[in-house]
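A short write-up of the structure that comes next.
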Amino acid sequence: QVQLVESGGGLVQAGGSLRLSCAASGRTIRNYNMGWFRQAPEKEREWLAAIDWSGGNTYYADSVKGRFTISRDNAKNTVYLQMNSLKSEDTAVYYCAADGLYLSQGNTYRAWGQGTQVTVSS
């Protein structure tokens, strides 16, 4: 079973940037589709972005398209989420997930990290 640990969250002003990392251990993720999700207080979990196992295809929710970029470094067993032009509504706990069958559907992923808090001040 792969274990995932997110890092890179924190407090940032609106318009700023953060880069989240998701480090995997226990198993290589090179064959896994990977995704990023977030959940704000009293809101449902929201899919943000996904990258297929090859890294050749990326997908984004409309809410983050053009602002967020997902990438992966299989040699480091790590997936990233670069977040630019952050808004107050981006405040949430951000999670990475591994081995998704349907990339935008969280319930098809087999492993999840514990999450990292992102707070955007306006």
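Computed over heavy atoms, backbone and side chain alike; hydrogens, waters and symmetry mates excluded.
Here OH of Tyr60 is found 6.5 Å from CD1 of Ile70. Values are rounded to the nearest 0.5 Å. Atom CG of Asn84 and atom OG1 of Thr69 lie 6.5 Å apart (nearest 0.5 Å). Here the OG-CG distance, from Ser104 to Leu48, works out to 11.5 Å after rounding to the nearest 0.5 Å. Atom NZ of Lys87 and atom OG of Ser122 lie 13.5 Å apart (nearest 0.5 Å). Note that the CG atom of Leu18 and the OH atom of Tyr94 stand 9.0 Å from one another [nearest 0.5 Å]. Taken from CD in Glu44 to CZ in Arg38, the straight-line distance is 13.5 Å, to the nearest 0.5 Å.
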request  = Run the numbers on Ser63 and Glu46 for side-chain hydrogen bond (donor to acceptor under 3.5 Å, both in side chains), then give the verdict.
outcome  = CA-CA 10 Å; Ser63 59; Glu46 177 188 12; 2.9 Å; yes
task = Go through Ser17 and Met83 one step at a time and tell me if the side chain to side chain contact (heavy atoms under 4.5 Å, CB included) criterion holds.
result = CA-CA 5 Å; Ser17 298; Met83 306 187 296; over 6 Å; no
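The closest side-chain heavy-atom distance from Leu4 to Met34 is below 4.5 Å. Between Asp90 and Phe68 the shortest side-chain heavy-atom distance falls below 4.5 Å. The shortest distance between side-chain heavy atoms of Leu11 and Ser121 falls below 4.5 Å.
Across all non-hydrogen atoms, the minimal contact from Thr78 to Ser21 is CG2-CB, 4.3 Å. Across all non-hydrogen atoms, the minimal contact from Gly9 to Val118 is CA-CG2, 4.1 Å. Closest approach of Ala111 to Gln1, counting heavy atoms only: CB-NE2, 4.0 Å. Taking every heavy atom of both residues into account, Arg72 and Gly55 meet most closely at CD-CA, 3.9 Å. Contact record, Leu81 with Ala49: CD1-CB, 4.3 Å, taken as the closest heavy-atom pair. Closest of all the heavy-atom pairs between Ala98 and Val2 is CB-CG1, 4.1 Å.
In this structure, the side chain of Asp99 does not engage the main chain of Tyr32 through any donor-acceptor pair within 3.5 Å. Within the 3.5 Å criterion, the main-chain N or O of Trp47 finds no donor-acceptor partner in the side chain of Trp36. The backbone N or O of Cys96 lies less than 3.5 Å from no partner atom in the side chain of Tyr109, so there is not a single donor-acceptor pair. In terms of modelled atom types and a separation under 3.5 Å, the side chain of Asp52 and the main chain of Gly56 share a donor-acceptor contact. A donor-acceptor contact shorter than 3.5 Å links the side chain of Asn77 to the backbone of Ile29. Thr91 places a side-chain N or O within 3.5 Å of a backbone atom of Val120 that can act as its donor or acceptor partner. Formation of a donor-acceptor pair under 3.5 Å by the Thr116 side chain with backbone atoms of Glu6 is not found in this model.
Note on ring orientation: taking the six-membered ring where Trp is involved, the planes of Tyr95 and Trp112 are perpendicular (angle over 60°, cut-offs 30° and 60°).
For Arg67, the CZ atom counts as densely surrounded, since its 6.0 Å shell holds more than 12 non-hydrogen atoms of other residues, nucleotides or ligands.
A salt bridge links Asp62 with Lys65: the distance from a Lys NZ or Arg NE/NH1/NH2 to an Asp or Glu carboxylate oxygen falls below 4.0 Å.
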